[in-house]
Amino acid sequence: MEKYNASEIEKKWQGVWNKNGGDKAVDFLDKPKHYHLVEFPYPSGSGLHVGHCMGYTASDVYARMMRMRGYNVLFPIGWDAFGLPTENYAIKTGRKPSEVTKENTDIFRKQMKSLAYSFDWDREVNTTDPDYYKWTQWIFLQFYKHGYIDNKLVEIADDDTTTPRMAYQAEMAINWCPDCKIGLANEEVIDGKCERCGAQTYKKMQKQWMLRITAYADRLINDLAKTDYLEKIKTQQINWIGKSEGTQINFEIKNDFKDKNFVFLHAYGDNSQGSFWPWLKLEVEKRGGKVYVPDLPNTDEPNIQEQMNFVLDNYKFDENTVVVTHSLGGVVAMKMIPELKVKIDKLVMMATPLHTDLKDKMPRPALDACTDWKFDFEKIKENVRDIAILGDIEDHIVPLSHTREIAEKLSAKYFEKIGQMTHFNNDIEPEVLKVLLDYIQVFTTRADTLFGCTYVVLSPEHEAINNFQFSISNFQEVEEYINQAKKKSDLERTELQKEKTGVKLDGVKAINPINSEEVDVWVADYVLVGYGTGAVMAVPAHDERDFEFAKKYGIEIKEVITTKNKELGIMNNGESRAYTDYGVMINSSSFDGLTSEEGKKKVTEKLKKLGLGEETVNFKLRDWVFSRQHYWGEPIPLIFCNNCAKNKNKELGIMNNGENTIVPVPEDQLPLTLPDVENYEPTDTGESPLAGIADWVEVKCPKCGGKARRETDTMPNWAGSSWYYIAYALNQKEKIKDKKQANIFYENKKELDYWMPVDIYNGGMEHVTLHLLYSRFWHKFMYDLGEVAIIEPYQKRIAHGIILGSDGQKMSKSEGNVVNPDEIVEKYGADTMRSYIMFIGPYDQESAWSMAGLQGVYRFIHRVWNNAGKVADVQDNKEFLSKLHKYIVSVTDDIENFRLNTYVAKLMEINNLIDKLDKISKEAWGLYLQLLSPAMPHLAEELWSKLGQAESIFVSNWPKAEDRYLVDEFVNVAVQINGKVRGIIKADMTASEDEVKGLAQADPIIAKWLEDKKITKIIYIKDKIISFVIQ
RNA sequence: GCUCGGGUGGUGAAAUGGUAGACACGCUAGCCUUAGGAGCUAGUGAGGUAAAACUCAUGCAGGUUCAAGUCCUGUCCCGAGCACCA
């Protein structure tokens, strides 16, 4: 027999397989389907690394076995090719990113073929292919065109500027990497450093596109229950989303109204004694404010000009004036304020109509005629320091669209609440008072400790601090502290966490809503602006951080929770440390004696009654920053049109302030392709390089035909990978490239229904938070759109551990411990590489590379090769067959559960058995080759053909264990004395307990142990153990 | 600090509560030879023995059980992720 020559055999069979193409998935084939997904790689310049090999080999083994078991297997691959490294490389070498990508994918493809990964190459996708990113852009447009309201996806008209969209723009403090010149998502900043280049990042304000992933936060947690992900992957996702249920509590700021003069403007057909005005007047006066409530003239046949003249004649406005309006009173205010010669303090408007198209559609001629309904919003903004707008969610007259638009035009604070009566018509309306008062809103998960609150803390970025400016007597000191805190990066803030710092806001007091106690207000950077409300109630007795802070600044520590079991006396009057566990409420007036669990509920209920709190849910998850200021990404298909904005404002009679209307690129004009450019350098202004390409940026508005500009931001490279598993199921060659299809998802529902969901998704542990979360989010969105029929894209997710260098360190070029798969394949062959990488250790655990271990596998393959010479026309002995058939069962089980290290070990064990045989039958040898074939496809195919088989081993049926070989004649039974194994006896399979007992007692060593002893008990486990308990 | 993993020979590691260390590396001895990064045979947890028997061994301390690497309690160490999340 000739010598085993890996490279020769492997080349030969790869050629044959390429020609036959037996790895293709066939839509609707009458077989059970199996969709096996591996994470597609980013085609970097350095080629496939061993980490890729580990995942791909494991999945290939699985896929090959599933095909042999008669499944219609979809096992696709593609390229996640947008991204910075390619762009940076292109900049450095002066080449096109698309060319570089092509080169790299060619290398990757060749490497994958050299390792015999049985991908369905017909379905290969590339995220940078315009035919592909056409649909990435299409999905983005759907995000732009839809909103998520009341847990439902709704379509939003293009000219609707007020309803919140799934894709929206926000002026964001983004994490700016000065080296990459790019904005990074929070997830991409590790310890304050850029994930890609390691440079120190800082905060920079920039308008960014955001995706409202938080709207789906609850479903992203709950639907995990429908999947079979590894437990630790589920936990990581849940922790990342970080849901916490608690209470939002309002602390009123004291003595707010001392120098304030209030003007209340009542509604159409109302008067100073109507609605909530008498009650509100009382509440304001209680807090020291002066109130003027005019009875507006001709309230049933109003004329706005006449009414505002009446107010102007009877009241002198100044910088301490607060105007409060209800319904039509707001129209009076909006007409009157631009006429004022002074700047007033505050304008608060409830349920104000913007025009006469009202919800109830009742004709109101008097209203139509009362004014021209045109307002100078810019002038109003100029003349008022602070504006708040309140809309009633259940208003039967004024729709929320009115109040929303007013709030937007005035850049005002905006609240949507439910009135006691619709249109806020009740005689007591707590929401109205709340808008008027200054509140600090806090979030807590421990409402049961509210009585122990001894101060309130604001984060340095909290906007209320500026509102209190004039009441804070030490404002300079406060301002200094805030500036210092802002200068600190996130990193420094956390690094310096050993010592908490803060400044008290002198002159400001907050009122604890549960007991009306006054507490101090502090600003401190241990409170984060990004979580909850950016403010907390501090309970030093029962929170470590508050405790530390209170100790340092000598603030009162008030104990309100004691241990359930008082005798334990763990709580030490707050002397040593905070008691943060649950317990029983004390010092909490009528709540005393309640457990923490009960207390949280009862306190929240009470606050709700007072209108000063309600249960809330908070998430750590933030919305997804979706803009990148770079070239090599999908262009965001939106257009800014100034002309459209002018036209719309003219219609509304609103002055133009240079704003733009956003116009989506029409879907039939997708893809919006990247222009060819000379220079890919990002700009210093933070704009994408696309901004410099006039030809591309300047565009005719698809709506009005006027001059308009394109959005120049591109998408992050998480975008294309968020739906690629759908693309595979759609079949690249036939569907995605078909330009006639207006909606590839909907039009190919049948294919998607057949293949989805992905049965097994295999990838790296590093992607189980971000990529997995993002793509699940996109999928749910697609589900809500009706494009896909299944809620969760991935039924099962597994992840492989990383492979370390032979020195036990992470592989890196600088350490010089990188293993190049090409070299291994060249020297030892693909079969050795594949088998070793599975044998290296448990699939999901990290393992260190070992050349010696690789050698061992290489030797094993030689031994298999040599054993082929034993094949003869013989009868195998029964013992061997029995063992072989047991291995069929356990090998199958191992592969199914990704226990691939023991799978390979078992292949070795079988070979060791064959070593001991003189000859082996064709049939038994064939079975062994089939078991080998997923791991060592070339070797198996070669030896299979040497058996005279005409067809490929991969179209053969996976071995089935035959029952007759699984039944043994004899069995080894361990004999235990007091739990210790003292001997082993060979018993007949059919032996009874008594017979086994007899055999055991006949054994000389056992007999010696039992001599003169009393047997108190015998435990007999059939086929396994007989255990004597003796005294 | 919190949440997951994980601590088993000289090494990588196996073990549905039921014979701890499968398989492989390494090592030792021997054989073979076309002298190689080869192959074959035997041995290899520690102690003990001529060989057995036997004793001790799964981070540490307890517990449950006829029987614990495996289950429970506490504790120490290592790794990963999150991290002032109220």
Open item on the list: Among B/A20, B/A14, B/A86, which nucleotide has an atom closest to any side-chain atom of A/Thr444?
Closed with: B/A86
- [ ] Would you kindly give the NZ-to-P distance between A/Lys980 and B/A53, to the nearest whole Å?
- [x] 15 Å
- [ ] Give a yes/no verdict on a cation-pi contact between A/Lys906 and A/Tyr887, requiring under 6.0 Å between NZ or CZ and the six-membered ring centre and an angle within 45° of the axis.
- [x] no
Open item on the list: By the 4.0 Å heavy-atom rule, please label A/Ile1018 as base, sugar-phosphate, or nothing.
Closed with: nothing
- [ ] Quote, to the nearest angstrom, the C1' distance that separates B/G69 from B/G21.
- [x] 11 Å
Open item on the list: From the set B/G12, B/A13, B/G18, return the single nucleotide nearest to any side-chain atom of A/Phe839.
Closed with: B/G12
Open item on the list: Rounding to an integer number of angstrom, what distance separates B/U65 and B/G10 when you compare their P atoms?
Closed with: 34 Å
- [ ] Nearest whole angstrom, please: distance from the P of B/C25 to the CZ of A/Phe860.
- [x] 11 Å
Open item on the list: At 4.0 Å (heavy atoms only), tell me whether A/Ser850 reaches a base, stays on the sugar-phosphate, or touches nothing.
Closed with: nothing
TODO: Could you tell me which nucleotide pairs with B/A50 by Watson-Crick or G-U wobble geometry, both distances under 3.5 Å, or answer none if nothing does?
DONE: none
Open item on the list: Taking any heavy-atom pair under 4.0 Å as a contact, classify A/Phe1028: base, sugar-phosphate, or nothing.
Closed with: nothing
- [ ] Grab the CG-P distance between A/Asp844 and B/C4 for me, whole Å please.
- [x] 17 Å
TODO: Just compare B/U3, B/U19, B/A86 and give me whichever is closest to any side-chain atom of A/Phe443.
DONE: B/A86
TODO: I would like to know whether A/Leu966 and A/Lys886 meet side chain to side chain contact (heavy atoms under 4.5 Å, CB included); could you show each step before the answer?
DONE: CA-CA 6 Å; A/Leu966 296 180; A/Lys886 279 179 193 152; 3.8 Å; yes
Open item on the list: Please confirm whether the shortest side-chain N or O distance from A/Tyr526 to OP1 or OP2 of B/A86 is below 4.0 Å.
Closed with: no
Open item on the list: To the closest 0.5 Å, what do you measure between NZ (A/Lys870) and NZ (A/Lys919)?
Closed with: 9.0 Å
Open item on the list: Tell me the interatomic distance from A/Glu245, atom CD, to B/A86, atom C1', rounded to whole angstroms.
Closed with: 15 Å
TODO: Using a cut-off of strictly less than 4.0 Å, decide whether A/Ser244 has a side-chain nitrogen or oxygen near OP1 or OP2 of B/A86.
DONE: yes
Open item on the list: Considering every strand and a 4.0 Å limit on heavy-atom distances, what is the contact class for A/Asn912: base, sugar-phosphate, or nothing?
Closed with: sugar-phosphate
Task: Residue among A/Val527, A/Asp525, A/Ile465 satisfying side-chain contact (heavy atoms from CB on, under 4.5 Å) with A/Ser459 - done: A/Val527
Task: Span that lies between the P atom of B/A67 and that of B/G18, in whole angstrom - done: 14 Å
Task: Separation of B/A15 C1' from A/Lys906 NZ (nearest whole Å) - done: 10 Å
Task: Watson-Crick or G-U counterpart of B/G21, or none if no pair lies under 3.5 Å - done: none
Task: Flag side-chain contact, heavy atom, 4.5 Å: A/Arg863 against A/Asp915 - done: yes
- [ ] Searching all strands shown, indicate the nucleotide that pairs with B/C60 (Watson-Crick or G-U wobble; both distances under 3.5 Å).
- [x] B/G74
Open item on the list: Only pairs with both distances under 3.5 Å count, Watson-Crick or wobble alike; so what is the partner of B/G1 in this structure?
Closed with: B/C82
- [ ] In whole angstrom, give me the gap between the P atoms of B/A83 and B/C78.
- [x] 22 Å
Task: Rounded interatomic separation in angstrom, taking CZ from A/Arg899 and C1' from B/G12 - done: 19 Å
Open item on the list: Would you measure the distance from the P atom in B/G12 across to the matching atom in B/U3 and give it in whole Å?
Closed with: 29 Å
Task: A/Asp525 side-chain proximity, nearest of B/U19, B/C54, B/C84 - done: B/C84
Task: Pair of N/O donor and acceptor under 3.5 Å linking B/C84 base with A/Lys500 side chain - done: yes
- [ ] Name the residue closer to the 5' end of RNA chain B, choosing between A/Asn978 and A/Thr533 according to the nucleotide with the nearest heavy atom.
- [x] A/Asn978
TODO: Mind checking A/Asn901 for me? I need base, sugar-phosphate or nothing, with any heavy atom below 4.0 Å counting as a touch.
DONE: sugar-phosphate
- [ ] Using atom NZ of A/Lys1024 as one end and atom P of B/C66 as the other, report the distance to the nearest whole Å.
- [x] 19 Å
Open item on the list: Could you check whether A/Lys243 makes a cation-pi contact with A/Phe619, meaning its NZ or CZ is under 6.0 Å from the centre of the six-membered ring and within 45° of the ring axis?
Closed with: no
TODO: Applying side chain to side chain contact (heavy atoms under 4.5 Å, CB included), run through A/Asp844 and A/His800 and close with a yes or a no.
DONE: CA-CA 4 Å; A/Asp844 56 358; A/His800 60 79; over 6 Å; no
I'd like a list of close polar pairs between nucleotides 33-40 of chain B and the protein, N/O only, cut-off under 3.5 Å.
{"unit_1": "B/G37", "atom_1": "O6", "unit_2": "A/Lys827", "atom_2": "NZ", "d": "2.8"}
{"unit_1": "B/G37", "atom_1": "N2", "unit_2": "A/Tyr828", "atom_2": "OH", "d": "3.4"}
{"unit_1": "B/G37", "atom_1": "N2", "unit_2": "A/Gln855", "atom_2": "NE2", "d": "3.3"}
{"unit_1": "B/G37", "atom_1": "N3", "unit_2": "A/Gln855", "atom_2": "NE2", "d": "3.3"}

TODO: Return yes if the base of B/G18 and the side-chain atoms of A/Gln976 contain a donor-acceptor N/O pair under 3.5 Å, otherwise no.
DONE: yes
- [ ] Using both distances under 3.5 Å as the test, list the Watson-Crick or G-U wobble partner of B/A42, or none.
- [x] B/U28
Task: Complementary nucleotide of B/A35, counting Watson-Crick and G-U pairs under 3.5 Å - done: none
Task: From A/Lys600, A/His542, A/Arg446, residue fulfilling side chain to side chain donor-acceptor pair (under 3.5 Å) relative to A/Tyr582 - done: A/Lys600
Task: Contact nearer the 5' end of RNA chain B, comparing A/Pro842 with A/Ile984 - done: A/Pro842
TODO: Between B/G12, B/G18, B/A15, spot the one nearest the side chain of A/Ser1027, thanks.
DONE: B/G18
- [ ] With heavy atoms under 4.0 Å as the rule, sort A/Val1029 into base, sugar-phosphate or nothing.
- [x] sugar-phosphate
Open item on the list: If I take atom CG in residue A/Asn618 and atom P in nucleotide B/A86, what distance separates them, rounded to the nearest angstrom?
Closed with: 8 Å
Open item on the list: Using a heavy-atom cut-off of 4.0 Å across all strands, would you classify A/Lys620 as base, sugar-phosphate, or nothing?
Closed with: base
Open item on the list: At 4.0 Å (heavy atoms only), tell me whether A/Gly856 reaches a base, stays on the sugar-phosphate, or touches nothing.
Closed with: sugar-phosphate
Open item on the list: Quick test of your reading of the model: are A/Arg899 and A/Asp893 salt-bridged, counting only N-O distances below 4.0 Å?
Closed with: yes
Open item on the list: Both distances below 3.5 Å, Watson-Crick or wobble geometry, any strand: find the nucleotide opposite B/A15.
Closed with: none
TODO: Look at all strands and tell whether A/Trp1009 reaches a base, only sugar-phosphate, or nothing, counting heavy atoms closer than 4.0 Å.
DONE: sugar-phosphate
Task: Gap separating the NZ atom of A/Lys916 from the CG atom of A/Asn911, nearest 0.5 angstrom - done: 10.5 Å
Open item on the list: Quick test of your reading of the model: are A/Lys883 and A/Glu879 salt-bridged, counting only N-O distances below 4.0 Å?
Closed with: yes
Task: Euclidean distance for C1', B/A86 against B/A14 (whole angstrom) - done: 47 Å
- [ ] Indicate whether OP1 or OP2 belonging to B/C66 is found under 4.0 Å from a side-chain N or O atom of A/Lys1017.
- [x] yes
Open item on the list: Does B/C54 have its OP1 or OP2 closer than 4.0 Å to a side-chain nitrogen or oxygen of A/Arg982?
Closed with: yes
Task: Options B/A86, B/U3, B/G18, nucleotide nearest the side-chain atoms of A/Asn239 - done: B/U3
Open item on the list: Rounded at 0.5 Å granularity, tell me how far CG in A/Leu612 sits from OH in A/Tyr439.
Closed with: 5.0 Å
